[in-house]
Amino acid sequence: NAGVTQTPKFQVLKTGQSMTLQCAQDMNHEYMSWYRQDPGMGLRLIHYSVGAGITDQGEVPNGYNVSRSTTEDFPLRLLSAAPSQTSVYFCASSYGQGEEKLFFGSGTQLSVL
Amino acid sequence: SQQGEEDPQALSIQEGENATMNCSYKTSINNLQWYRQNSGRGLVHLILIRSNEREKHSGRLRVTLDTSKKSSSLLITASRAADTASYFCATPDGSGNTGKLIFGQGTTLQVKP
């Protein structure tokens with residue numbers, strides 16, 4: 001079992017560029033989510049999904065899009081990168097159905113210049 | 001919006017000593033979780049305590065929950081250098097099994113050999 005796999009591990013973008021952060025899990029989890037972690041801010045929820053075809057916004061959704069076409073994959077798209085999106089991004093998943101424990105990927109460190 | 005707030009923000013102790021971290025939250029919850037994050041890594045689930053539980057143990061970890069005070073504490077006994085990490089409390093946001101967790105800002109623990 002690979003668990004939750006995030007790619008890439010590091011990325012540098014120029015302002016205005018777009019990119020997709022990939023997230024895949026092989027545990028057949030219903031729930032998947034994206035967080036960003038900034039110094040002194042803890043983790044903040046960007047978007048989440050309770051199952052294939054269903055997504056919703058978290059605390060800081062602006063500038064990000066998500067889709068969930070399969071149970072396994074939950075990509076995060078930056079439409080037009082801004083320096084404020086420089087952060088470490090974590091994908092997480094859980095079984096749901098009352099089991100709320102989250103499994104995290106190893107993170108993507110993104111710098112926007 | 002931060003649901004959980006950890007105290008202290010940073011803690012430095014000697015190996016063998018006990019470490020206590022506290023978490024306060026704002027709204028009613030049905031469970032509270034603690035996670036550990038080693039430097040440069042994703043978060044790892046440590047323990048979940050439900051609202052009808054007052055205390056829970058897992059190895060050298062002891063978690064308490066006081067719903068009347070909306071607070072929880074994580075005690076690590078006989079600390080080791082390998083316990084050096086950041087520790088986060090997390091609570092569910094909203095009703096239903098959405099898998100959404102709201103994290104506090106974390107306590108950074110340094111255990112000196």
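Below, chains carry the letters A, B, ... as their sequence lines are ordered, and counting in each starts from 1.
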### CZ on B:Arg41 to CZ on A:Phe104, rounded to 0.5 Å
14.0 Å

### Task
Supply the atom-to-atom distance A:Lys101 NZ to B:Leu46 CG, rounded to the nearest 0.5 angstrom.
10.0 Å

Measure [X] against the heavy atoms of chain B and call it side chain, backbone, both or neither at under 4.5 Å.
X	result
A:Gln6	neither
A:Leu102	both
A:Tyr35	side chain

What about [X] and [Y], same hydrophobic cluster or not, with Ile/Leu/Val/Met/Phe/Trp/Tyr joined at side-chain heavy-atom distances under 4.5 Å?
X	Y	value
A:Leu43	A:Val60	no
B:Trp34	B:Ile13	yes
B:Phe103	A:Ile46	no

### Query
In terms of heavy-atom proximity below 4.5 Å to chain A, should B:Gln37 be classed as side chain, backbone, both, or neither?
side chain

### Query
Taking atom CD of B:Glu55 as the centre, does the number of heavy atoms from other residues, nucleotides or ligands within less than 6.0 Å exceed 12?
yes

### Query
Is the number of heavy atoms from other residues, nucleotides or ligands within 6.0 Å of CZ (A:Arg77) greater than 12?
yes

